[in-house]
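Remarks on the structure that follows.
Here, residue 1 is the first one in the sequence, and each next residue gets the next number. Every number for a ligand or one of its atoms is a count from 1 in the order of the listing.
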Amino acid sequence: MYDYLIVGAGLYGAVFAHEVKKAGKTCLVIERRDHIGGNAYTREQAGIQVHQYGAHIFHTNNKMVWRYVNRFAEFNRYTNSPIANYRGEIYNLPFNMNTFNRMWGVTTPEQAQRKLAQQKQESGIQTPQNLEEQAICLVGREIYEKLIKGYTAKQWGRPCTELPSFIINRLPLRFTYDNNYFAAVYQGIPIGGYTKMIEKLLDGIEVRLNTDFLSQREQLSGLARHIIYTGPIDAYFAYCYGPLEYRSLRFDIRELDTENYQGNAVVNYTDIETPYTRIIEHKHFEFGTQPRTVISIEYPLAWTPGQEPYYPVNDEKNDALYARYQALAEKTPGVFFGGRLGSYRYYDMDQVVEAALQAAERLL
Ligand code: FAD
Ligand code: UDP
């Protein structure tokens, strides 16, 4: 009999498990996949750490979280500076003076702000009602058309007029020549990969891979007094109110006999015609100098039950449905739901670490 059964060996499960052990209690971690790490999992190929489930850059403003993860890994100095390729035109991201200069030829913040104010006024939008209107108010119609409209429609499988504005607020807008994608004080990638960091978190903890909680629920539940569940909350309740919506992805990972394929870790393809959203060249996350390279081409995919639910779709309809599942969760004694899927939130890794530490403090 364990004190805790932790479902999912992603970052949330690993942090929680570490805290359980530290508190002198026992736990068993089970994981459906054949590896630990969840979506942050990395593996080595051609001497390169490959981010199997897409680019993962750790960034945070939370000093406590940064100190915590640094106990389990040494972080490199990688700063994410993706570029956007719109029909062969290259733009810097996030939206900053380099982007405005390339788009309009302006050179000073004042000129850029004037241009934006003019475009906002021409749009006639007072209070933005959706992602399209929010984007136009923030960056003007031209940037919206070239860098946001196509990418977002591909990524989310619906037009920007049908998406909540918070998604675009994730990206900084600044009037300096600064291509740092994140407005975070701390940023980097664990040297040697995320898997090594998560292995350290799970040091001395029993982990069973290839073990799906939902297909052996009775037997596994009997092994522990409490359950921490980090899988999809709707799946736990057998979709009794209907499935929540997610977006899925397909990664086409290729090893190429070339040293430097695209000159940057992340290149976004922001037109609507290119079927993929971005290409990642993994060696650039760690300033690699290997003779070969590994890229992954990221195709957005509609989600149906059985596919990997990479992104929760936090629009009004789904948030309302989630609230019903959450109410059920609160009435389920001995089970706590956490992580990106358990709490149906578009969490970044630092938020997951923070949430797991808070839950551990409360529950342990
Ligand atoms: P997960 O990593 O999803 O782990 C949950 C685990 O539970 C999985 O391993 C799953 O297999 C397992 N599981 C589910 N159901 C069951 C079951 N029934 N039985 C057993 N096991 C089960 N964050 C950043 O901070 N920076 C980034 O740059 C970044 N980039 C991202 C890019 C992509 C493409 C994606 C999809 C996410 C990105 N994120 C990024 C978010 C980051 O991946 C998450 O915040 C974090 O990994 C979530 O950790 P988690 O433990 O909550 O969930
Ligand atoms: N986005 C965009 N163009 C880009 C990059 C991002 O329109 O070149 C929008 C898109 O809607 C995306 C959102 O901004 O879903 C958030 O981007 P982020 O890079 O945070 O997405 P993630 O890394 O989580 O996929």
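The contact set between ligand 1 and Tyr347, taken as ligand atoms under 4.0 Å from a residue heavy atom, comprises 41 (C), 44 (C), 45 (O). Short contacts between ligand 2 and Leu171, defined as distances under 4.0 Å to a heavy atom of the residue, involve ligand atoms 1 (N), 6 (C), 14 (O), 17 (O). Near Tyr346, the atoms of ligand 2 lying under 4.0 angstrom from a non-hydrogen atom of the residue are 21 (O), 22 (P), 24 (O), 25 (O). Below 4.0 Å from some heavy atom of Ile148 lie the following atoms of ligand 2, by number and element: 7 (O). Every atom of ligand 2 with a heavy atom of Thr270 under 4.0 Å away is listed here by number and element: 8 (O). Near Tyr311, with a cut-off below 4.0 Å to any heavy atom, the atoms of ligand 2 are 22 (P), 24 (O), 25 (O). Atoms of ligand 1 found under 4.0 Å from any heavy atom of Gly231 (numbered from 1 in listed order, with element): 14 (C), 15 (N).
Evaluated for a ring-ring contact (aromatic ring centres under 6.0 Å, His included) with Trp303, the options Tyr246, Trp156, Tyr311 yield exactly one hit, Tyr246. Of the listed residues (Val267, Thr99, Asn268, Leu93), just one forms a side-chain contact (heavy atoms from CB on, under 4.5 Å) with Ile83, and that residue is Val267. With Phe75 as the partner, the ring-ring contact (aromatic ring centres under 6.0 Å, His included) test is satisfied by one option alone out of Tyr186, Phe58, Phe285: Phe58.
For the pair Phe100/Pro109, no side-chain contact is recorded, criterion being any heavy-atom separation below 4.5 Å from C-beta on.
The side chain of Asn268, and not its backbone, has at least one atom closer than 4.0 Å to an atom of ligand 2 (non-hydrogen atoms only; side chain from C-beta on). With a heavy-atom cut-off of 4.0 Å, Ala14 does not touch ligand 1 at all. Within the 4.0 Å heavy-atom criterion, the part of Val352 lying near ligand 1 is the side chain and not the backbone. Contacts between Arg278 and ligand 2, counted as non-hydrogen atom pairs separated by less than 4.0 Å, involve the side chain only. Residue-level proximity to ligand 2 for Leu163 is absent, since no heavy atom of it falls below 4.0 angstrom.
In this structure, Arg33 forms a cation-pi arrangement with Tyr53, its terminal cationic atom sitting closer than 6.0 Å to the ring centre and no more than 45° off the ring axis. A cation-pi contact, defined as under 6.0 Å to the ring centre and within 45° of the axis, links Arg217 to Tyr236.
Annotation: Ala84 places no N or O atom under 3.5 Å from an N or O atom of ligand 2; distance criterion only.
Listed by first and then second residue, the side-chain hydrogen bond (donor to acceptor under 3.5 Å, both in side chains) pairs involving residues 63-77 are Glu19-Tyr68 (not counting sequence neighbours).
The nearest heavy-atom contact from the protein to atom 7 (O) of ligand 2 is Thr152 OG1, 2.9 Å. Given atom 40 (C) of ligand 1, the protein heavy atom at minimum distance is His56 CD2, 3.7 Å.
Within the 4.0 Å heavy-atom shell around ligand 1 one finds Tyr311.
The minimum heavy-atom distance between Leu116 and Leu138, with the atom names listed, is CD1-O, 3.7 Å.
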Contacts under 3.5 angstrom, residues 326-336 side chains, donor-acceptor by atom type, not counting sequence neighbours:
unit_1, atom_1, unit_2, atom_2, d
Thr332, OG1, Leu328, O, 2.8

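Distances from atom 17 (O) of ligand 2 to the heavy atoms of Phe95, Tyr86, Tyr181, Tyr144 put Tyr181 nearest.
Checked against a 6.0 Å centroid threshold, the rings of Tyr194 and Tyr41 do not count as neighbours.
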